[in-house]
Peer 1: 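I'd like to ask some things about the structure below.
The first residue of the sequence shown is numbered 1, and numbering continues consecutively from there.
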Amino acid sequence: MQSTPRTRRTPQNTQYTYTLGCRIHHVKTYPVQSPQGATILLYGHQNGVTVVWRGGRRLKPKTENKSKEKSNGSTSNAIMIIDSDEEDVPPPFVDKPEFEDSPTSTATSPLAEIIQTLDLAFGTAVLKIAVLPMPNTTSAEAAWNGADILKQKIIFAVTCATSEVYLITLPLTPPSNESKARPELRESLLAANAGKGVWGETLTLLGGQSRPCEGVAMTLAKSTAASRSRSVESTTTQSQTRQSPRVIVAAHSREASGTLRFWNVPLDAKPGVVSRLESFQTEYLPSPLSSISFNPTQLTQLLTVASTYAVRIYDYSTPALPLEDASEGPFPIQGSWLLSLYPPFTRSATMSTSRKPIVAAEWIAHGRAVLTLLADGQWGIWDIEDASPTATSASSGGLFSKASAGLRGSAITNFSVTGHLEGTSPLKNPASQKSPAATGSSREFVPMTPHTRREALASANGGPEKLVCVRGGITITHLSPAKGTATGDETALLWLGGSDPLVSVVPNIAKFWDSQLRKAAGGGNLWSGTQLTRMARLTDLGAGLLGERCTGAAAIPKPVTANNSSASENGTPPVEASLPVEVLIQGESRVVFVYESEDAPSFTSRLLGARKKVGGRTDLEPAKAILAYPRPEKPNSVAFNLSIAHRPAADNAALLRSVRRPAAAGGLFSQDQPTGGDSLFPSVEAPAVPPQGATQAVGLRFINDLNFAADQPDDEQEAINRNIEEEMMDIMEIDRELEQMEDERERSTKRVFFEEG
């Protein structure tokens, strides 16, 4: 990875691009920081895995103490005696990296500095990487579920293009520069390959599959899973399981019609020795899977995604047939399927029997709900265990509550809340409205109803055939819990790849969920609330990718600063707070770090058109500009006298006095209105000619009023109460009506011939 990135600044964000020089297959963020405070990134490429340490304290430079060499003419009393045929073996190298006392400074740039990188060569391409589903934390507090090894080791699993699956452990501390410059590493090109133990790594080969695995997940083995006593051997296995932690690795492939395998891997392997382990459970599927992920709370539950069918939950510790289970190990030979969640069907001109393809699904609410993303841009939350923030209400119960039927007609699982990513709905994407679904349908007016919204969306996306090719994903980041709380917040990153990617971030899933429930119940609108209650979209991402397609996205938790911690103590962070994570966009051979521009307006200001407040001004007068909202009250009828005949001034005043609208106090042109008459139209009498020097002052007098109005602070309460969505819908409907009227006028145009007489 290059040390200096290429910077691209857009009106909304700043993008830092690293060109890696090789094809990237997967990028993952490790949830545990290194002891010196660095964030760890793992990315798989065409030759193996690269580990990157970002931020924290720098490595101290190497201090060379060269001893003074003696000249040829010097005398020495030392006597060399050679009485052994065996050469002295040098002691093994022990790496002791030293770090500076203070972390790297980020005053000039928000981008963290790369402290160290390490390449683990496998001799083949690494396709997928999996880490433990644990909250992001420091190394001192990384004993997740009692596994103290997480304080010292990096534990992750990878799948290779040659159908191998490996479990790797690596020291959490970055290696020193002296360790990477050892002379023995230069003796052979394969001396530093993964599995040699030169970096302190351990390698465990997980066998049993004959085709490359397309997905992998891992979790810690549940301690209570070994409580099943079947024989004397199982009792011995239980005692060993309690002493050393073990990891459960799951991987799926396209072998046969679809295969799902599980391995029970101990974490006691020695460096330099590659051990092999076979799977303890194999599940044959009716169709291949697209992704899998373990529950962060219920460690034995696995979320599986069959893209064109459903999302299912599998438990490897619960036997499918308890009476006939004859396994002798701590786990049964076959698990059981607990639940199936079905997405809605696609919309088309004819009756469609195909469901919307599921792009991705992940656990949220600490394993009590599922967030899913469909190929047409629709997202939804399945509430499984009444995990919604307002679970006490009758409309927000879980799937199995009395208020919810769970399934509705045509086997569709109800979403607790649902919506579309910004840019995927045809009502908000003008480009998609220009592509007609059929001949002659582009000029027809489409009313704004939920049914026509789905019809237009299906027509714009090209039908179910095109939706199958859509690629995307969801990344859930478990933030560190605040002081006095047991669990931390969760952040979601949703993306749809391609040449023009769509990337949206949910800063706080719980607050966003609660806001959507209140909006559905009529207690709010889309534009109200803080930034944490909305889904923010990142724009202009093509500037950093430099023409490459987006193949993935990852979220990196930001370090907690003093300002953020003080703001979060009372549970009400500021409205203009930035995103709690850094967004990493993965290209074909590049990675892009996206940061919000400091000089750009915030998400709330961009939507409401707010301006920065002017501080230190006490001489500001009340605003005199015409306000576009609220609209003035219109009378039932308005009469205008368009006659050019001369009428008495009294009649004009009487006529206009009955239809005059109530004028706003302190209007824009209040200084120019006459004080002695009630007429709103100019008088027919010749006005007095002002002096030549006063003409410019009178004509530009309104500029002072505009300046005062521009300097006035914005009324935040009025901006919050505005229903911008309704106004946008009104404008769009007016535009469509005008276009229809224009089309009708063109079709009804008649030719008129004039004869010369």
Side-chain angles (χ1 to χ4, degrees), residues 12 290 305 307-308 311 343-349 352 354-362 371-382 412 415-437 442 446 448-475 492-507 509 512-513 515-516 519-520 526-527 534-542 545 549-553 583 585 594 603 606-607 724-725 728-729 732:
Q12 305 301 335
S290 58
V305 179
S307 179
T308 56
V311 176
F345 290 91
T346 58
R347 291 280 182 174
S348 61
S352 176
S354 60
R355 299 182 183 273
K356 294 182 180 180
I358 304 172
V359 173
E362 289 290 341
L371 172 64
T372 184
L373 177 63
L374 305 181
D376 63 343
Q378 182 183 2
W379 58 265
I381 297 178
W382 282 311
I412 300 177
F415 287 122
S416 175
V417 292
T418 184
H420 283 79
L421 296 182
E422 182 182 354
T424 58
S425 175
L427 297 181
K428 297 181 181 180
N429 188 6
S432 63
Q433 299 178 10
K434 298 179 181 179
S435 57
S442 60
V446 180
M448 296 183 183
T449 62
H451 177 74
T452 54
R453 180 192 294 266
R454 299 188 186 99
E455 291 287 351
L457 184 59
S459 302
N461 291 333
E465 296 80 7
K466 188 176 180 180
L467 294 179
V468 177
C469 304
V470 177
R471 294 292 178 265
I474 299 175
T475 301
L493 175 66
L494 300 89
W495 64 275
L496 293 176
S499 58
D500 188 13
L502 296 175
V503 180
S504 299
V505 181
V506 179
I509 295 179
F512 173 74
W513 192 351
S515 175
Q516 294 296 318
K519 176 188 173 185
L526 181 63
W527 312 103
R534 286 192 298 268
M535 182 181 296
R537 179 188 175 185
L538 305 181
T539 58
D540 300 331
L541 298 179
L545 291 174
R549 296 176 61 87
C550 175
T551 59
V583 179
I585 307 300
V594 183
F603 184 70
R606 294 198 305 268
L607 292 178
I724 306 297
E725 184 179 17
M728 292 174 60
M729 293 298 182
M732 294 174 64

Peer 1: For a quick test of reading the model, state the closest non-hydrogen atom pair linking I474 to T372 and the distance between them.
Peer 2: CD1-C, 3.9 Å
Peer 1: Name the orientation class of the two ring planes belonging to W379 and F512 (parallel below 30°, tilted from 30 to 60°, perpendicular beyond 60°).
Peer 2: tilted
Peer 1: What's the shortest heavy-atom distance between C550 and P501, and which atoms?
Peer 2: CB-CB, 3.6 Å
Peer 1: Could you tell me whether the side chains of S416 and W513 share a donor-acceptor contact shorter than 3.5 Å?
Peer 2: yes
Peer 1: List the atom of L502, the atom of R537, and the distance in Å for their closest heavy-atom pair.
Peer 2: CD2-NH2, 2.8 Å
Peer 1: Do L494 and V359 come within less than 4.5 Å of each other through their side chains, counting heavy atoms only?
Peer 2: no
Peer 1: Just checking, any donor-acceptor pair under 3.5 angstrom between side chains of T418 and Q378?
Peer 2: yes
Peer 1: Decide side chain to side chain contact (heavy atoms under 4.5 Å, CB included) for L421 and L373; before the verdict, give the C-alpha distance in whole Å, the side-chain angles of both, and the deciding distance to 0.1 Å.
Peer 2: CA-CA 9 Å; L421 296 182; L373 177 63; 3.9 Å; yes
Peer 1: Output yes when a side-chain donor or acceptor of R471 lies under 3.5 Å from a complementary backbone atom of G497, and no otherwise.
Peer 2: no
Peer 1: Give the minimum heavy-atom separation between P344 and F415, together with the two atoms involved.
Peer 2: CD-CE1, 4.0 Å
Peer 1: Walk me through it: do L374 and I358 pass the test side chain to side chain contact (heavy atoms under 4.5 Å, CB included)?
Peer 2: CA-CA 5 Å; L374 305 181; I358 304 172; 4.0 Å; yes
Peer 1: Please walk me through it: do T424 and D376 pass side chain to side chain contact (heavy atoms under 4.5 Å, CB included)?
Peer 2: CA-CA 7 Å; T424 58; D376 63 343; over 6 Å; no
Peer 1: Could you check whether any side-chain N or O of S504 sits under 3.5 Å from a backbone N or O of M535, counting only pairs where one atom can act as donor and the other as acceptor?
Peer 2: no
Peer 1: Could you check L538, D540, V503 and say which one makes a side chain to side chain contact (heavy atoms under 4.5 Å, CB included) with V594?
Peer 2: L538
Peer 1: Heavy atoms only: give me the nearest L493-A553 pair and the separation to one decimal.
Peer 2: CD2-CB, 3.7 Å
Peer 1: Any idea which heavy atoms bring V311 and A361 closest together, and the distance?
Peer 2: CG2-CB, 4.0 Å
